[in-house]
Amino acid sequence: MDEEILAKIDLAGCPLGTVLDKTEPDQSIEEQYFKGWTNGLVAPPNWRMPSHYRVVKDGEVEVLEHTTKSDRCLVTGEPLWADYTVEAQVRQLNAYSQPSNDDPHGIVARSGIMVRYQDLRRYYYFCMEGFDRFVLYRREDEAWAMLADVQNGFNRGQYYTLKVVCEGERIACYVDGEQAFVAYDDRFPTGKAGVRTNTRSRMYGVQVATSDVGQAAYVSRQSAYDKEVAEAGEKYPNPVLWKRIDIGDFWPCSVRYGDFRGAGQKEIVLEKATEAGPRVVCLNFDGDVQFDQTFPAAKGLQRTVVHDLDGDGVEDFIGIEDDRIKLVSGKSGEVTAETELPKTGPYLGHRSVSMGNYQHSLRVLWPCKLRKTETAQDLLLRDGDGAGTGYSIWAFDEKLNLRWRQDAHDAWYGMYIWFYDVDGDGRDEILPGYDLYDGDGNHLWTMEGAEYIEDSGGAGHIDHASFGELDGDESNGPEIGIAGSDPGFFLVDARDGSVLRHHRYGHVQGVYAGNFRPDLPGLEMWMGDRWGTYGLLNLVSGQGDPLGRMEPDNRSQGGPAVNWMGDGEELLFINTSAEAFGFYDAQCRKVIKPVCEGLPFDWAGGTVEDVVGDARDEITYVHEGAIYIVTQDAPYKGEKIYAPTRRMDISIPGWQENE
């Protein structure tokens with residue numbers, strides 16, 4: 001049978017030096033020598049993570065060297081590849097590795113070939129391990145199943161030709177042309193190919209090939225899948241441009257929807273920093289100016305939030321200036337309340353000094369509803385470090401009177417704060433981390449087992465949480481779906497902090513609950529990984545049962561729910577890259593790409609919100625001084641239309657009459 005080369009890395013003539021660095025503006029070397037290969041274990045460019053790869057000469061041959069005991073891989077191909085051969089020349093320089101976010105207890109060096117790759121935590125791996133054996137693993141998250149091995153010491157100064165031949169369930173592994181072993185396994189029938197290492201190593205001559213029969217079978221599978229996705233997408237309305245609104249006179253500025261001025265209706269709210277202070281402009285959906293005011297009293301505010309804290313119907317500016325918290329009224333434009341920043345808590349900063357130098361690296365001020373007020377008229381302040389961990393919270397009323405302080409005595413606080421009325425008393429409980437407090441600051445519980453969580457690389461805190469009625473059974477109270485970073489995902493009983501389910505899916509960074517499977521009770525949660533497993537997404541039910549998994553790119557940590565149809569099904573919106581951009585159903589199929597004629601781009605980050613007023617979501621893009629609002633090309637025809645309410649990390653179900 002004829003052989004077809006599917007992918008290869010040929011470094012002959014490649015300039016020596018650092019390669020595969022995502023922060024490097026000049027990607028010409030990568031385009032020429034690594035085209036089609038993804039460096040998935042390196043974070044997006046704005047995180048400025050080193051690649052740890054360089055091209056060096058080993059004798060007369062240009063080779064790819066991994067320079068540290070970190071974990072890196074290169075992946076190529078298609079998810080529906082099945083029968084193929086991967087070959088690589090591999091030299092492992094060290095016998096040991098070091099712990100990482102993905103493998104917090106890893107110390108043994110591994111370098112070799114991945115086949116039938118599903119994602120960064122599921123694949124077959126034929127590798128050199130330590131200095132004493134060749135082994136084939138089937139990896140599924142934390143489970144490393146050894147399928148075969150051969151004890152055979154090897155020389156760290158020598159290259160070994162590793163080869164894997166995949167034919168159906170048969171996986172044959174070779175070393176220097178000699179068959180080492182054959183294993184049979186059907187867990188992963190198809191998948192991409194790649195190379196991986198977690199130690200200092202060198203590789204060259206990486207090549208993926210298939211037979212003409214194998215290629216024909218792949219083309220047939222891909223064609224069938226493309227047809228399936230196209231048919232699944234036929235039921236959804238097509239995206240069309242509803243409006244383009246020119247905001248060039250105010251550009252650059254921030255754009256959101258809201259009711260800043262108390263008009264009783266949704267408007268476009270623009271905010272622009274000026275020398276005189278923040279300027280707020282409200283537009284209707286024809287682009288006409290309804291309100292335009294600058295607020296000099298808010299000029300010096302930092303870490304600002306905009307919220308109607310005083311309850312007069314107009315949004316206010318709340319921020320920090322000169323070691324004081326200040327409230328600037330949106331109605332009068334004057335400072336109507338202010339107070340000195342409190343002293344530090346017991347865990348961050350020097351004792352009895354202002355916490356002003358120890359503000360959280362993310363959001364500092366959090367409006368909330370801790371008392372039985374008609375609207376959210378309480379304010380939380382928090383400290384924190386540069387890694388997203390918090391240590392103390394302070395609660396203030398609408399006049400900025402300090403009500404209470406709490407400290408992270410049992411478990412560190414997380415990247416954000418979440419609120420929900422657990423006991424139905426009309427006041428929100430507070431989830432700043434693995435602890436829950438009531439509106440008076442009383443400690444209610446610490447999550448079961450929180451004291452055993454290992455703080456691996458700053459991962460001892462919550463990254464995100466879906467807080468609400470998740471399993472659809474109101475009789476057992478609300479639940480919390482926790483993106484717990486390195487420990488993975490926890491489903492927690494919000495009444496007492498007991499852990500209902502725990503999945504070690506890698507460093508789970510984001511989670512969003514929505515009605516992604518309307519045939520199931522409650523809500524479902526898409527969660528996404530970062531550190532060590534970038535872009536891996538898992539879907540679980542409201543009871544914590546696994547439902548789906550995908551890796552559309554190596555940037556996303558998930559996305560919001562989109563109510564596109566109005567029939568009760570929500571879709572997942574991913575917009576982190578051109579290849580991943582789109583709406584995904586619960587079967588991991590990209591069923592809609594929300595762009596259309598009239599947009600000056602093929603993909604972009606967009607916000608999800610009902611703008612037209614029929615309860616279905618629109619996608620709003622802001623691009624070079626214009627707002628583009630994309631909606632559905634056909635009206636909803638049912639008597640009742642799905643109308644969810646959105647809170648942080650959760651889409652709460654609801655229905656209304658379809659007018």
Side-chain angles (χ1 to χ4, degrees), residues 101 104 142 345 347 360 362 366 368 370 380 382 384 387-393 406-423 428-471 473 476-513 522-523 525 527-529 531 538 540-546 647-650:
N101 294 94
E142 303 290 299
Y347 297 117
H360 200 284
L362 299 173
W366 293 79
C368 49
L370 306 183
L380 284 187
R382 65 173 182 162
T389 300
Y391 305 89
S392 295
I393 54 176
Q406 262 292 3
D407 307 303
H409 297 303
D410 299 292
W412 297 139
Y413 299 151
M415 296 181 70
Y416 302 96
I417 302 178
W418 299 266
F419 305 92
Y420 189 80
D421 182 7
V422 175
D423 56 11
D428 281 341
E429 275 66 49
I430 309 155
L431 185 80
Y434 289 110
D435 295 287
L436 191 73
Y437 303 94
D438 68 15
D440 294 321
N442 299 308
H443 182 262
L444 301 177
W445 50 254
T446 299
M447 188 189 80
E448 175 190 3
E451 65 268 33
Y452 302 116
I453 291 174
E454 298 179 62
D455 190 354
S456 172
H461 61 231
I462 289 178
D463 286 338
H464 278 272
S466 297
F467 195 176
E469 182 51 59
L470 300 177
D471 68 359
D473 183 358
N476 64 14
E479 295 78 30
I480 310 171
I482 291 177
S485 50
D486 279 8
F489 168 78
F490 299 95
L491 182 64
V492 175
D493 189 328
R495 299 171 299 177
D496 58 12
S498 59
V499 174
L500 305 173
R501 297 293 293 271
H502 180 204
H503 297 298
R504 298 195 69 93
Y505 283 152
H507 186 107
V508 179
Q509 180 102 2
V511 63
Y512 198 101
L523 301 177
M525 289 162 279
M527 64 200 68
D529 284 14
W531 300 104
N538 280 277
V540 303
S541 71
Q543 296 75 33
D545 298 322
R647 295 184 68 173
M648 188 172 177
D649 295 333
I650 187 169

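Here the structure is a predicted model, which means the values were calculated and not measured.
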> To the nearest 0.5 Å, what is the distance between CD1 (Ile417) and SG (Cys368)?
Replying inline: 7.5 Å

> Between Trp418 and Ile462, is a side chain to side chain contact (heavy atoms under 4.5 Å, CB included) present by the stated rule, with each step listed?
Replying inline: CA-CA 11 Å; Trp418 299 266; Ile462 289 178; 3.5 Å; yes

> Which heavy atom in Leu523 sits nearest to a heavy atom in Ala513, and how many Å separate them?
Replying inline: CD1-CB, 4.3 Å

> If you round to the nearest 0.5 Å, how far is CG of Leu362 from OG1 of Thr389?
Replying inline: 10.0 Å

> Hey, does Met415 have a side-chain heavy atom less than 4.5 Å from the side chain of Gln509?
Replying inline: yes

> Residues in side chain to side chain contact (heavy atoms under 4.5 Å, CB included) with Asp421, at least two apart?
Replying inline: Asp423, Asp425, Asp428, Glu429

> If you look at every heavy atom in Glu448 and Val499, which pair is closest and at what distance?
Replying inline: OE1-N, 2.8 Å

>> If you compare all heavy atoms of Ala494 against all heavy atoms of Trp445, which two are closest, and at what distance to 0.1 Å?
In response: O-NE1, 3.0 Å

>> Which residue is it: Val492, Leu500, Asp473? I am looking for the one with a side-chain contact (heavy atoms from CB on, under 4.5 Å) to Glu479.
In response: Leu500

> Judged by atom type as modelled, is there a donor-acceptor pair below 3.5 Å linking the side chain of Asp496 to the main-chain atoms of Ser498?
Replying inline: yes

> Looking at Asp463, Asp529, Val508, which hits side-chain contact (heavy atoms from CB on, under 4.5 Å) with Ser485?
Replying inline: Asp463

> For Gln543, what residues pass the side chain to side chain contact (heavy atoms under 4.5 Å, CB included) criterion, not counting sequence neighbours?
Replying inline: Asp471, Pro521, Ser541, Asp545

> What is the minimum heavy-atom distance between Tyr420 and Gly468, and which atoms define it?
Replying inline: CE1-CA, 3.7 Å

> Can you find a pair of side-chain heavy atoms, one from Pro487 and one from Tyr452, that are under 4.5 Å apart?
Replying inline: no

> Phe467 and Phe419: which non-hydrogen atoms are nearest, and at how many Å?
Replying inline: CD1-C, 3.9 Å

>> Run Leu491 and Met525 through side chain to side chain contact (heavy atoms under 4.5 Å, CB included) and show every step you take.
In response: CA-CA 10 Å; Leu491 182 64; Met525 289 162 279; 4.1 Å; yes

> With Asp410, which residues qualify under side chain to side chain contact (heavy atoms under 4.5 Å, CB included), at least two apart?
Replying inline: Asp435, His443, Thr446

>> Rounded at 0.5 Å granularity, tell me how far CG in Asp493 sits from CZ in Arg501.
In response: 14.5 Å

>> Let me confirm one number: the OH-CZ distance from Tyr434 to Phe490, rounded to the nearest 0.5 Å.
In response: 5.0 Å

> When rounded to the nearest 0.5 angstrom, what is the spacing between CZ in Phe489 and CG in Asn538?
Replying inline: 10.0 Å

>> Check whether His464 reaches the backbone of Gly528 with its side chain - one donor and one acceptor, N or O, closer than 3.5 Å.
In response: no

> Nearest 0.5 Å, what's the OH-CG distance between Tyr347 and Asp407?
Replying inline: 6.5 Å

> For the residue pair Ala411 and Ala450, what are the closest heavy atoms and their distance?
Replying inline: CB-CB, 4.3 Å

>> For a side chain to side chain contact (heavy atoms under 4.5 Å, CB included) check, start with the C-alpha distance between Ile430 and Gln406, then their side-chain angles and the critical distance, and finish with the verdict.
In response: CA-CA 11 Å; Ile430 309 155; Gln406 262 292 3; over 6 Å; no

> Taking C-beta and beyond as the side chain, do Pro432 and Arg382 meet within less than 4.5 Å on heavy atoms?
Replying inline: no

